[in-house]
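Working notes, beginning with the structure itself.
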There are 2 protein chains.
Amino acid sequence: MARVNKTRYALLGILAHSPMNAYEVKKSIEQSIGFFWQESFGQIYPILKQLEKEGCLKSFKEKKGSGSETTIYKITSKGKKELKDWLEKPVEKSPYRNELLLKLYFGDHVQKEVLIKHLQDTREEVIRLMGIYENIRKFVEELGESKAPTTLSLITLDFGITTTKSFLEWAETSQNKIKNSNF
Amino acid sequence: MARVNKTRYALLGILAHSPMNAYEVKKSIEQSIGFFWQESFGQIYPILKQLEKEGCLKSFKEKKGSGSETTIYKITSKGKKELKDWLEKPVEKSPYRNELLLKLYFGDHVQKEVLIKHLQDTREEVIRLMGIYENIRKFVEELGESKAPTTLSLITLDFGITTTKSFLEWAETSQNKIKNSNF
DNA sequence: CGTGTCATGTAATCAGTTACATGATTCA
DNA sequence: TGAATCATGTAACTGATTACATGACACG
């Protein structure tokens, strides 16, 4: 299960949209795919350099208004091919770990209230996320009507919304089941 | 986000149910919490030893019918306390990565058929999982009526079932959206 | 007798986060 | 002037998988 490095593809994918510096790549990831994909600077900087060495990216210095320079990365045709080849490969399944479920499963060692609290906290957290998703959804919908990239980003966003909804239903039901159980 | 080692708690939780050897711990994890939590031997063996050194587990040799010995681990009262303390702590959120969504988000670089295929493959994979969940559910339901540990394992199982169902709906809808989009 | 499962471990490797370090620019 | 953000990196650490190695026992 999933040993290969996929950070490179996330970076290529982001840079395929538009050239930018490492710092902006991080921001861009957070704002677009952040709810299902994260990258840290400790990965981004070295891997961008490595991708350039491989010829997948080309960097150049750009002067910002006030003298200071920044390193902009631009995807090359080789980089685009690399990205496309990966996109066409089957999705590898990656390990999935859920700490809430682990605590619930072993929950007979604690008071019921503890488990109900864990479920409640998680509900509140995902409700917060749900709000963010729906705001982004509105924003994207208004922005570009029926454009393909818009369609795809809405699809990923809808994944977040639907799984969140089903999580909330499950969590509420589970809280009630625990309340009514005898332990 | 999530830097602490939780393998120890998974092992303690499993051994809190009944004493067993490392090999059986692995099997037991696979059969009970396997769909949301995995552990490899490379983690299990060293961490069991470490837990014993800390006094959370006590090991003893047991002779199997045919002369050979095996090392059985049993949880101690200190181990139970360690588990309970962790169970009471708030659930830490861990990084979530979804490769299918990543490929969909960058999907405008490939043919629509590729994305539809990825969704189809994943649907088939989760349908297979769904079958397993529902079989376990039947089995657990028949086994123990209204026992607390049963309630809790059914709750975790229902998480699998409900999220799988909502995934399937989303995936089908998304396939249609992609079919009808212009790219 | 050979294959599969039981059983126990270690070493190499890797992906990834976090902390640390540094400095420029912006803006209240 | 001081805080926030922009910007670029490296080092340490760690969690985890995978591969490797070994051997007993079961069973057809």
Side-chain angles (χ1 to χ4, degrees), chain A residues 1-11 19-31 33-34 36-53 57 59-73 86 92-99 102, chain B residues 1-11 19-31 33-34 36-53 57 59-73 86 92-99 102:
Chain A
M1 248 203 253
R3 46 243 137 316
V4 207
N5 180 7
K6 272 132 198 177
T7 296
R8 41 189 299 114
Y9 305 113
L11 301 182
M20 59 188 101
N21 68 34
Y23 190 83
E24 290 164 339
V25 166
K26 176 95 193 300
K27 290 262 142 159
S28 180
I29 287 175
E30 279 164 12
Q31 286 162 15
I33 58 176
F36 63 83
W37 203 271
Q38 307 81 35
E39 295 294 347
S40 59
F41 283 130
Q43 292 269 95
I44 294 174
Y45 280 101
I47 294 179
L48 284 177
K49 284 193 169 173
Q50 196 196 313
L51 283 169
E52 186 179 21
K53 212 187 287 170
L57 297 176
S59 79
F60 53 94
K61 305 282 180 183
E62 204 180 73
K63 279 147 220 128
K64 307 207 72 179
S66 46
S68 75
E69 274 194 340
T70 180
T71 309
I72 307 286
Y73 289 92
W86 172 74
E92 285 182 58
K93 49 171 175 264
S94 49
Y96 173 72
R97 278 186 166 194
N98 188 318
E99 191 183 325
L102 194 63
Chain B
M1 254 203 248
R3 47 243 139 314
V4 205
N5 180 9
K6 272 131 197 179
T7 296
R8 43 190 297 115
Y9 305 113
L11 301 183
M20 59 187 103
N21 68 36
Y23 190 83
E24 289 163 340
V25 166
K26 176 96 192 297
K27 291 261 141 157
S28 179
I29 287 175
E30 279 165 11
Q31 286 161 17
I33 57 175
F36 63 82
W37 202 271
Q38 306 82 36
E39 294 295 347
S40 60
F41 284 129
Q43 292 269 94
I44 294 174
Y45 280 100
I47 294 180
L48 284 177
K49 284 192 170 174
Q50 197 197 313
L51 284 168
E52 187 179 21
K53 212 187 288 171
L57 298 176
S59 79
F60 52 95
K61 304 282 178 183
E62 203 180 71
K63 280 144 218 136
K64 306 208 71 178
S66 47
S68 75
E69 274 194 338
T70 179
T71 309
I72 308 286
Y73 289 92
W86 171 72
E92 286 182 58
K93 49 171 176 264
S94 48
Y96 173 72
R97 278 185 166 196
N98 189 317
E99 190 183 326
L102 195 62

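Residue numbers start from 1 in every chain, and the chains themselves are labelled A, B, ... in the order their sequence lines are given, proteins ahead of strands.
One interatomic measurement links the two molecules: NZ of B/K6 to P of C/dT17, which rounds to 14 Å at whole-angstrom precision. Distance, A/R8 CZ to C/dG16 C1': 16 Å, rounded to whole Å. Rounded to an integer number of Å, the gap from A/N5 CG to C/dT13 C1' is 13 Å. Taking atom CD on A/E92 and atom P on D/dT18, their separation rounds to 10 Å, with Å as the unit. When rounded to the nearest whole Å, the span between NZ of B/K93 and P of C/dT17 equals 15 Å. Distance, A/Q38 CD to C/dT18 P: 11 Å, rounded to whole Å. B/E62 places its CD atom 16 Å from the P atom of D/dC25, with the value rounded to the nearest Å. D/dG15 atom C1' lies 14 Å from atom CD1 of B/I44, rounded to whole Å.
When the side-chain nitrogen and oxygen atoms of A/T7 are compared with OP1 and OP2 of C/dG16, one or more of them lie within a distance under 4.0 Å. Between A/R97 and D/dG15 there is no side-chain N or O to OP1 or OP2 distance below 4.0 Å.
Under the rule for a side-chain hydrogen bond (donor to acceptor under 3.5 Å, both in side chains), B/K53 has no partner lying at least two apart in sequence or in another chain. With sequence neighbours excluded, the residues satisfying side chain to side chain contact (heavy atoms under 4.5 Å, CB included) with B/Y45 are B/A22, B/Y23, B/F41. In this view, A/E24 satisfies the side-chain hydrogen bond (donor to acceptor under 3.5 Å, both in side chains) rule with no residue, not counting sequence neighbours. Qualifying ring pair (Phe, Tyr, Trp, His ring centres under 6.0 Å) partners for B/Y9, counting only residues two or more places apart in sequence or in other chains: B/W86.
A donor-acceptor pair is defined here as one N or O able to donate and one able to accept, closer than 3.5 Å; no such pair exists between the side chain of A/Q43 and the backbone of A/T7. Between the A/Q38 side chain and the B/P95 main chain, no donor and acceptor come within less than 3.5 Å of each other.
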Does the protein touch nucleotides 1-9 of chain C at the base, only the backbone, or not at all? Give it as B, S and - per nucleotide, heavy atoms under 4.0 Å. ----SBBBB
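The heavy-atom pair separating B/F36 from A/L102 by the smallest distance is CE1-N, 3.5 Å.
For B/Q43, the listed nucleotide lying nearest its side chain is D/dA16; candidates were C/dT17, D/dA16, C/dT25.
A salt bridge links B/R97 with A/E39: the distance from a Lys NZ or Arg NE/NH1/NH2 to an Asp or Glu carboxylate oxygen falls below 4.0 Å.
With axes fitted over five pairs at each extremity, the angle between the ends of the helix from C/dC1-D/dG28 to C/dA28-D/dT1 is 30° (10° resolution).
One finds the CH2 atom of A/W37 at 6.0 Å from the CD atom of B/E99 (value rounded to the nearest 0.5 Å).
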